[in-house]
Peer 1: 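My structure is below; once you've seen it, I'll send some questions.
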Amino acid sequence: RCDLPQDDGLLHWRALMLLRQMKRLSASSCDNYTNDFGFPQEVFDGKQLQKAQALSVIHGTNQKTFHLFCTEASPAPWNTTPLEELCSGLSEQLGHLEACPLQEAGVGEMPLVNGDSILRNYFQRISLYLQDKQYSPCAWEMVRAEIMKPLYGSTVLHKRLRSRK
């Protein structure tokens with residue numbers, strides 16, 4: 001049987017806290033960098049998601065956030081300690097989720113294929129934005145603030161999964 005470890009919820013909150021700590025620039029200093037990335041709120045509405053679908057959304061969010069912050073070509077303008085802690089925590093979460101095959105998460109539940117595509121497109125818009133802005137500190141600040149939305153959404157999904165037991 002596949003269950004999320006109890007501490008995964010804490011890891012999600014820790015990731016959010018680290019992102020808040022990483023803030024280096026005020027939003028007003030980056031006024032010309034604002035962008036609407038089209039956050040897909042419907043993907044994170046866990047009320048109707050089956051367990052495998054919710055796990056797929058959480059896994060996709062963690063994987064794409066890890067790729068964005070921990071493997072992007074250009075270095076982000078933050079202190080390395082919180083960034084390293086964020087990457088370590090995301091890696092740990094990914095390890096837990098990858099040890100839990102989605103097929104085992106629930107009999108007959110299908111991963112949210114359309115949701116996976118929507119999530120992939122959302123993160124692609126963010127990556128293209130960073131490239132377009134040449135990975136500037138303000139662009140990274142906009143992305144840092146934006147990424148809190150899907151991480152918070154994943155935290156809520158995780159909490160709902162834990163409470164369904």
Side-chain angles (χ1 to χ4, degrees), residues 4 8-74 76-78 82-83 85-87 89-91 93-94 96-97 102 105 110-164:
L4 289 173
D8 264 17
L10 296 174
L11 291 172
H12 278 96
W13 284 112
R14 178 89 176 123
L16 285 166
M17 185 182 73
L18 287 166
L19 279 172
R20 283 188 195 103
Q21 288 176 1
M22 289 164 56
K23 183 176 182 172
R24 291 284 175 249
L25 303 169
S26 70
S28 62
S29 67
C30 298
D31 279 346
N32 59 332
Y33 279 82
T34 58
N35 191 16
D36 180 7
F37 296 104
F39 175 66
Q41 181 64 47
E42 70 277 9
V43 173
F44 293 89
D45 185 14
K47 294 175 190 135
Q48 302 303 318
L49 293 180
Q50 294 178 345
K51 186 174 182 181
Q53 295 168 328
L55 287 172
S56 178
V57 169
I58 292 169
H59 181 263
T61 298
N62 288 351
Q63 191 174 50
K64 288 166 181 30
T65 301
F66 180 85
H67 177 75
L68 191 64
F69 283 89
C70 308
T71 63
E72 271 298 338
S74 296
W78 299 298
L83 183 60
E85 285 184 45
L86 176 69
C87 293
L90 288 170
S91 178
Q93 289 173 349
L94 285 169
H96 292 167
L97 287 166
L102 292 179
M110 294 299 294
L112 189 63
V113 175
N114 190 39
D116 290 343
S117 174
I118 291 169
L119 200 57
R120 184 174 46 254
N121 290 339
Y122 169 70
F123 276 93
Q124 185 169 6
R125 286 191 297 274
I126 291 171
S127 289
L128 291 172
Y129 172 81
L130 281 170
Q131 290 172 17
D132 183 53
K133 299 294 185 181
Q134 300 175 349
Y135 300 92
S136 72
C138 277
W140 272 113
E141 180 56 30
M142 295 296 112
V143 167
R144 181 205 62 81
E146 179 69 21
I147 291 300
M148 294 183 76
K149 295 175 189 175
L151 281 181
Y152 179 76
S154 289
T155 302
V156 171
L157 279 177
H158 181 272
K159 186 175 180 180
R160 285 191 183 131
L161 286 174
R162 301 278 329 153
S163 67
R164 286 184 189 173

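Counting begins at 1 with the first residue of the sequence.
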Peer 1: In Å, rounded to the nearest 0.5 Å, how long is the span from NE2 of His67 to OG of Ser127?
Peer 2: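 Going from the NE2 atom of His67 to the OG atom of Ser127 covers 5.5 Å.
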Peer 1: Rounded to the nearest 0.5 Å, what separation is found between the OG atom of Ser91 and the CG atom of Asn62?
Peer 2: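 Rounded to the nearest 0.5 Å, the OG-CG separation comes to 10.5 Å.
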Peer 1: Can you name the closest pair of heavy atoms from Arg144 and Leu19 and give their distance?
Peer 2: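 Scanning both residues, the minimum pair turns out to be NH1-O, 2.8 Å.
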Peer 1: Would you say Ile147 and Phe123 make side-chain contact, with heavy atoms under 4.5 Å?
Peer 2: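 Sidechains of Phe123 and Ile147: in contact.
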Peer 1: Atom CD in Glu85, atom CG in Leu18: separation rounded to 0.5 Å?
Peer 2: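 If I round to the nearest 0.5 Å, the distance is 5.0 Å.
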Peer 1: Restricting to non-hydrogen atoms, name the atom on Leu157 and the atom on Phe44 that form the minimum distance, rounded to 0.1 Å.
Peer 2: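 Reported closest heavy-atom pair: CD2-O, 3.9 Å.
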Peer 1: Can you measure from CG (Leu151) to CG (Leu90) and round to the nearest 0.5 angstrom?
Peer 2: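 Rounded to the nearest 0.5 Å, the CG-CG separation comes to 6.5 Å.
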Peer 1: State which residues pass side chain to side chain contact (heavy atoms under 4.5 Å, CB included) with Tyr129; sequence neighbours excluded, sorted by chain then number.
Peer 2: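 Only Tyr33, Asn35, Phe37, Lys133, Ala139, Met142, Val143 meet the side chain to side chain contact (heavy atoms under 4.5 Å, CB included) criterion with Tyr129.
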Peer 1: Grab the two heavy atoms, one from Tyr122 and one from Gly38, that are nearest each other, plus how far apart they are.
Peer 2: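 In this case the closest contact between Tyr122 and Gly38 is CD1-O, 3.7 Å.
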Peer 1: Please list, chain by chain and in numerical order, all residues satisfying side chain to side chain contact (heavy atoms under 4.5 Å, CB included) with Met17, sequence neighbours excluded.
Peer 2: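 Testing Met17 for side chain to side chain contact (heavy atoms under 4.5 Å, CB included), a comparison that skips the adjacent residues, returns Arg14, Gln21.
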Peer 1: Do the non-hydrogen side-chain atoms of Lys64 and Leu68 ever get within less than 4.5 Å of each other?
Peer 2: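 Of all side-chain heavy-atom pairs linking Leu68 with Lys64, none is under 4.5 Å.
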Peer 1: Nearest 0.5 angstrom please: Ser29 OG to Glu141 CD, how far?
Peer 2: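 The distance works out to 7.5 Å.
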Peer 1: Looking at every heavy atom in both Leu119 and Gly60, which two are closest together, and how far apart are they?
Peer 2: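 Taking Leu119 first and Gly60 second, the nearest heavy atoms are CD2-C, 3.9 Å.
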Peer 1: Taking all non-hydrogen atoms of both residues into account, name the closest pair between Cys87 and Phe66 and its distance.
Peer 2: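 Closest approach of Cys87 to Phe66: O-CE1, 3.5 Å.
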Peer 1: Can you tell me how the ring of Trp140 sits relative to the ring of Tyr135, calling it parallel under 30°, perpendicular over 60° and tilted otherwise?
Peer 2: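 Tilted.
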Peer 1: For the CG atom of Leu94 and the CD atom of Gln63, what is their distance to the nearest 0.5 Å?
Peer 2: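 It comes to 6.0 Å.
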